[in-house]
> 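The structure that follows is given in the form of structure tokens.
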There are 2 protein chains.
Amino acid sequence: MPDTRWLDDEEQRAWRSYLTSCRLVFDRIERQLQQDAGLPHAYYEILVRLSEAPGHAMRMSKLATSAMSSRSRLSHAVARLEESGWVRRRPCPDDRRGAVAELTDEGLAHLEAIAPGHVETVRGAMFDVLSPEQLRALHDISDTLVANLADAPVWPASEDRYDDAE
Amino acid sequence: MPDTRWLDDEEQRAWRSYLTSCRLVFDRIERQLQQDAGLPHAYYEILVRLSEAPGHAMRMSKLATSAMSSRSRLSHAVARLEESGWVRRRPCPDDRRGAVAELTDEGLAHLEAIAPGHVETVRGAMFDVLSPEQLRALHDISDTLVANLADAPVWPASEDRYDDAE
DNA sequence: CTGCGGTCGAGGACATGTCAACCTCCGTGA
DNA sequence: TCACGGAGGTTGACATGTCCTCGACCGCAG
């Protein structure tokens, strides 16, 4: 490794501010969801994706990708959601290896009950705080990051990583 | 709860893009540190704070605050870092309840060994990707978020939350 | 000086996430 | 048709984080 390109003071401050802001935002989201809905944000995401899918059902691997989750994580998560009665698993008709996760009526009802509180929290943590220009800029920045990091050669530790699916 | 102020399409996209980008950035950071340094980013932060403190030592509670950690989390973390030999705990001279965490020589050496890789990853995940204007904007946005969410009425679940300390 | 509320830090129980097998099954090529 | 590489999904061991409780101790009010 040749000479390190250290961060200068300005970059240092920017990076730490970014770290702090993300932590503050996500802590809020996480905490509110945990308290009011009894589930972590990752699980909420899963319910949302299912609710948007045709038939409120989706193939496990596709669900993993769309919820930005590893397969293994999704498997554990769905197991838990199944215990809670919000999701049901059934075999995939096309592919006997596969499984399909399906939102139950209770799951949908629960999601509809908790969504308003979550949205309000998101507004309070972000949309009510930033100016319209800041929001536009942040959207642009986020898109740029996603575009540049998405396919990312991050040594997918095992293959067990978001594959590029769909 | 009165009528929910739902997110419109644009806001929805912005929020999801933000979520995705943060996940991509932090996954990289986390993965690189775990692989090359054998520790999660939160632990790295602790080592950094200690290395910047006078005498490479800091009171536990102050360290918790400065590393944006709960006391309990810090306690577990320092226990682990102590096992690895990178940090040492000693009683606080002023306050017999207290404890002081101190970076060991090995800890400092380890930190110095792994810092370049981390910095390079941060550059690759952020500074090399965004334009100077984007970076300025992101810094400004982060500061705004921190300023507005820091004291945050987030029902500190138990008192066990970053207190506003020092 | 004594009692009392509050702070400091530790630790246990539990939830979530990661990694690494491990099966089952698919699709292809010989 | 059958072997084989790879995909889909699950599972168990383990690491990390959260919540809650506890014991020790501080500092103040009486």
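Excluded from the calculations below are hydrogen atoms, water molecules and symmetry mates; all remaining heavy atoms, backbone and side chain alike, are included. Chain identifiers are assigned alphabetically (A, B, ...) following the order of the sequence lines, protein sequences preceding nucleic acid strands; residue numbering begins at 1 within each chain.
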> Please tell me which of B:R80 and A:S75 maps to the more 5' nucleotide of DNA chain D, matching each residue to the nucleotide holding its nearest heavy atom.
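So the residue in question is A:S75.
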> Enumerate, atom names and distances included, each donor-acceptor pair closer than 3.5 Å involving a side-chain atom of residues 105-117 of chain A, sequence neighbours excluded.
from, atom 1, to, atom 2, distance (Å)
A:E106, OE1, A:T104, OG1, 3.4
A:H110, NE2, A:A37, O, 3.2

> Kindly indicate whether the side chain of B:H76 and the base of C:dG9 share any N or O donor-acceptor pair separated by less than 3.5 Å?
no
> Could you pull out all residues at least two apart from A:H118 that satisfy ring-ring contact (aromatic ring centres under 6.0 Å, His included)?
A:H41, A:Y44
> With sequence neighbours left out, write down each residue that passes side-chain contact (heavy atoms from CB on, under 4.5 Å) with A:R97, or none if nothing qualifies.
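side-chain contact (heavy atoms from CB on, under 4.5 Å) list for A:R97, sorted by chain: A:D95.
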> Give a yes/no on whether any side-chain N or O of A:S61 is located under 4.0 angstrom from OP1 or OP2 of D:dG9.
yes
> For a quick check of understanding: with a heavy-atom distance under 4.0 Å over all strands, which category does A:A79 fall into, base, sugar-phosphate or nothing?
nothing
> Could you tell me the separation between the CD atom of A:E83 and the P atom of C:dC14, rounded to a whole number of Å?
14 Å
> Hey, could you give me the CH2/CG distance between B:W15 and A:L138, rounded to the nearest 0.5 Å?
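Between atom CH2 of B:W15 and atom CG of A:L138 there are 9.5 Å.
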> Identify the pairs formed between an N or O of the protein and an N or O of nucleotides 4-6 of chain C at a distance under 3.5 Å, and give each distance.
from, atom 1, to, atom 2, distance (Å)
C:dG6, N2, B:R97, NH1, 3.4

> Respond yes when some side-chain nitrogen or oxygen of B:R71 is under 4.0 Å from OP1 or OP2 of C:dT7, and no when none is.
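No, outside the criterion.
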> Taking atom P of C:dT24 as reference, at what distance in whole Å does atom CG of A:D95 sit?
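Spelled out: CG on A:D95 to P on C:dT24 is 15 Å.
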> Verify the contact: side-chain N or O of B:Y43 to OP1 or OP2 of D:dG17, cut-off strictly under 4.0 Å; return yes or no.
yes
> What's the CD-P distance between B:Q35 and D:dA15, to the nearest Å?
16 Å
> Counting the atoms with a prime plus P, OP1 and OP2 as sugar-phosphate, which does A:A77 contact under 4.0 Å by heavy atoms, base, sugar-phosphate, or nothing?
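The residue A:A77 makes no contact with any strand.
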> Whole Å only: how far is the CD atom of B:Q34 from the C1' atom of D:dA15?
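About 8 Å, once rounded to whole Å.
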> Phosphate oxygens OP1/OP2 of D:dC26: is one of them under 4.0 Å from a side-chain N or O of B:R96?
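Yes, because at least one side-chain N or O of B:R96 sits under 4.0 Å from OP1 or OP2 of D:dC26.
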> Determine whether any donor atom in the side chain of B:S72 lies under 3.5 Å from an acceptor atom in the base of C:dG11, or the reverse, and answer yes or no.
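Yes, a donor-acceptor pair under 3.5 Å.
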> What is the distance from CE of A:M68 to P of C:dG17, rounded to the nearest Å?
12 Å
> Starting from P on D:dG8, measure out to CZ on A:R73 and report it in whole angstrom.
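It is 19 Å, rounded to the nearest whole Å.
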> How long is the line joining CD of B:E30 and P of D:dT16, in whole Å?
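Rounded to whole Å, this separation is 10 Å.
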> What integer distance in Å separates B:L74:CG from D:dT16:C1'?
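Going from CG in B:L74 over to C1' in D:dT16 covers 14 Å.
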> For A:L135, what residues pass the side-chain contact (heavy atoms from CB on, under 4.5 Å) criterion, not counting sequence neighbours?
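By the side-chain contact (heavy atoms from CB on, under 4.5 Å) rule, A:L135 matches A:M126, A:F127, A:L130.
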> Quick one: do B:R123 and B:E120 make a salt bridge, cutoff under 4.0 Å?
no
> If the condition is side-chain contact (heavy atoms from CB on, under 4.5 Å), which residues does B:S66 pass it with, not counting sequence neighbours?
B:R49, B:M58, B:L63
